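All values reported here derive from a predicted model rather than from experimental measurement. Atoms within each ligand, like the ligands themselves, are counted from 1 in listed order.
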Amino acid sequence: MPSPDRSPAGGGDDATQPVVITQTPEWAALAAAHAELAGASLRDLFAADPKRAQQLSAEADGVYLDYSKNLLTADTVRLLVALAERAGLAHRIEAMFTGEKINTTEHRAVLHVALRAPEGASILVDGHNVVPDVHEVLTRMYAFADRVRSGVWTGATGRHIRTVVNIGIGGSDLGPAMATEALRPYTDRSIETRFVSNVDGADIWEATHDLDPAETLFIVSSKTFTTLETIANARTARAWVVAALGEDAVANHFVAVSTNERKVAEFGIDPANMFGFWDWVGGRYSMDSAIGLSLLIAIGPDNFRDLLAGFRAMDEHFRTTPFERNLPVLLGLIGLWYRDFFGLQTHAVLPYSHYLSRFPAYLQQLDMESNGKSVDRAGRPVTTATGPVVWGTPGTNGQHAYYQLLHQGTTIVPADFIGFIEPPRSVTAGQPENGGPGGAIAPPDQPDQHLLLMANFFAQTEALAFGRTAAEVAAEGVAPDLVPHRVFAGNRPTNTLLAPALTPFTLGQLIALYEHKVFTQGTIWGINSFDQWGVELGKVLAGRIVPELASGDEPALGHDSSTNELIRRFRAGHGG
Ligand code: G6Q
């Protein structure tokens with residue numbers, strides 16, 4: 001593990017006074033390296049070094065990262081690693097893993113890594129070992145999930161639970177929703193899982209209108225249990241259950257996931273049916289806490305344990321592997337290279353897996369809420385660009401839509417391609433016990449669809465990197481006036497992540513990989529990746545306007561003229 005250089009170009013305690021990274025010699029060296037590389041092409045870089053792919057790749061427990069199709073050299077990587085060392089990354093990793101209160105604006109430890117720590121480990125927060133608390137809740141969650149899945153836990157009329165509806169938003173929705181979709185082949189298909197997040201009444205209506213309340217279990221997931229959207233949806237759901245089954249049915253049909261026992265009890269859910277977590281778990285880092293209860297019911301305890309093991313494997317890799325072979329560190333450094341030295345504003349995540357359809361949206365929150373900051377930990381304006389706009393959808397659908405711009409547009413979009421060697425087990429095994437014929441439906445004269453998918457996966461990064469020159473296009477007999485239209489400049493950078501298969505273990509690895517990538521970048525930028533004052537603002541502002549919309553009398557509006565007029569127009573038309 002590299003030792004942190006503690007002679008910062010900013011001085012002082014690095015918890016609150018981070019290094020001003022742009023004033024370091026390491027930053028200057030990278031700026032010079034960027035200038036030198038300006039004219040280089042990936043064609044030339046590959047031609048100059050036949051071992052480039054082997055050299056610019058790394059692996060963590062089966063997850064293989066090929067980062068050779070990036071606009072950098074091994075020297076650039078050394079300089080980037082030196083930058084991470086200068087920023088005190090090694091020290092900051094230890095600070096996180098040992099429960100230091102690195103979320104300084106909220107005075108909290110940041111311990112999502114404790115959520116997957118093995119039983120028997122010790123991680124102290126204010127002198128208290130939190131690991132036994134984590135395992136106590138996990139044990140209760142596993143027992144509860146078993147009861148629901150086996151039919152021991154029933155609705156108020158004794159019927160089995162057929163649908164679980166998670167009500168939550170942001171960090172209390174995106175993680176379990178993404179993972180339940182990602183691991184669909186591992187779910188018990190006799191119990192459906194649905195997610196309601198939007199305060200738009202259409203969401204809860206669509207999620208419930210075809211359900212029988214007697215067979216429906218709601219999980220109200222909210223760290224604070226005060227979030228407007230979640231409480232409104234939960235109250236609507238409660239009214240729906242009570243109207244059909246009576247007040248006493250609430251105990252069978254509602255459980256809560258929260259840190260706020262008082263509010264849970266006030267809502268009318270017995271705290272015995274509440275699964276807790278702690279203030280040191282950030283919302284967007286909480287999917288492997290009790291917030292994952294809906295996922296756990298869907299996939300069962302054994303698969304959930306495998307998921308946690310995957311997280312843990314990546315945690316250990318991140319904590320112990322030298323930076324130059326450390327996947328999260330490498331992804332973080334490469335992203336920073338494009339964001340700060342090339343000035344690129346967006347980053348695409350392109351999974352070649354149907355089941356990872358929600359993964360980019362999940363990462364969007366993880367990354368943009370964490371690193372969408374413009375002051376450093378000391379409250380000083382940052383001197384670098386910080387987090388990029390993260391976006392993406394599964395390939396190959398994107399190929400038939402926005403990839404045109406990726407290949408031939410004027411904007412360079414660095415991208416992560418994520419693919420798997422084996423197809424999902426729903427396709428290979430067909431899960432006949434769940435009624436699916438699986439691969440058996442493919443005609444014998446058609447190539448395995450997984451091969452078709454992965455051929456696209458490999459072809460795209462190759463085309464993005466190397467393009468097609470005018471000479472190559474002309475040599476194919478293309479008419480001269482069409483040649484410029486069919487030239488691909490290439491030099492479009494990508495990372496390729498190739499894993500054995502999309503299993504619970506792999507999914508845990510992938511999520512932790514991106515969590516720690518975000519941490520790496522936040523550390524170098526000197527920002528607090530763990531607060532979200534921008535989100536808090538929205539919660540306060542909407543609360544002010546609700547009474548103005550609901551008031552029977554014309555309210556006195558004290559907003560700007562635009563907002564006042566919009567509210568007046570809405571009031572005049574609404575319900576009339
Ligand atoms: C995550 C954010 C935010 C949060 C939601 C829901 O890091 O803080 O997305 O998860 O606002 O908050 P509650 O869980 O408190 O309802």
Side-chain angles (χ1 to χ4, degrees), residues 96 102-113 115 137 165-179 195-200 203-204 218-238 254-267 269 274-295 358 360-373 387 390 511-512 514-519 521-522 527-543:
M96 174 170 71
I102 61 170
N103 177 354
T104 44
T105 57
E106 295 180 313
H107 312 291
R108 289 174 181 167
V110 174
L111 271 180
H112 40 281
V113 293
L115 298 171
V137 174
V165 181
N166 184 77
I167 298 178
I169 194 165
S172 299
D173 165 73
L174 287 162
M178 174 276 291
F195 293 86
V196 172
S197 56
N198 199 325
V199 75
D200 183 339
D203 200 3
I204 184 90
F218 290 94
I219 302 176
V220 185
S221 297
S222 176
K223 183 173 169 179
T224 55
F225 230 76
T226 58
T227 304
L228 175 106
E229 292 89 338
T230 299
I231 299 306
N233 278 322
R235 293 187 65 204
T236 299
R238 192 180 193 283
F254 283 84
V255 299
V257 176
S258 188
T259 59
N260 192 339
E261 185 171 326
R262 187 174 59 82
K263 287 278 178 194
V264 168
E266 272 173 31
F267 181 86
I269 297 177
M274 167 179 148
F275 299 86
F277 59 116
W278 307 271
D279 73 354
W280 42 260
V281 184
R284 54 194 173 277
Y285 296 89
S286 67
M287 64 143 297
D288 48 335
S289 71
I291 289 291
L293 185 62
S294 51
L295 167 69
R358 302 290 307 271
Y362 173 77
L363 294 184
Q364 208 163 42
Q365 184 197 24
L366 176 67
D367 199 318
M368 293 171 73
E369 204 167 88
S370 296
N371 286 345
K373 308 287 164 64
V390 175
I511 299 168
Y514 281 96
E515 287 177 346
H516 299 321
K517 171 199 168 177
V518 166
F519 180 86
Q521 296 187 331
I527 58 182
N528 180 1
S529 300
F530 301 105
D531 59 13
Q532 54 282 315
W533 299 105
V535 178
E536 311 300 332
L537 175 71
K539 291 186 181 183
V540 174
L541 293 186

Assign the ring pair F254 / F218 to parallel, tilted or perpendicular, where the plane angle (0 to 90°) is split at 30° and 60°. parallel

Tell me, please, which residues at least two apart from Q532 pass side chain to side chain contact (heavy atoms under 4.5 Å, CB included). E106, R284, E369, V535, E536

Answer yes if the side chains of T224 and N260 hold a donor-acceptor pair under 3.5 Å, and no otherwise. no

For D200, which residues count as a salt bridge (Lys or Arg N to Asp or Glu O under 4.0 Å) partner, sequence neighbours excluded? none

Taking side chain to side chain contact (heavy atoms under 4.5 Å, CB included) as the test, write out the residues that go with I169, two or more places apart. S197, T227, E229, T230

Do N103 and D531 touch side chain to side chain, with heavy atoms closer than 4.5 Å? yes

Amino acids contacting ligand 1, non-hydrogen cut-off under 4.0 Å: I169, G170, G171, S172, S222, K223, T224, T227, G283, R284, Q365, E369, Q532, K539

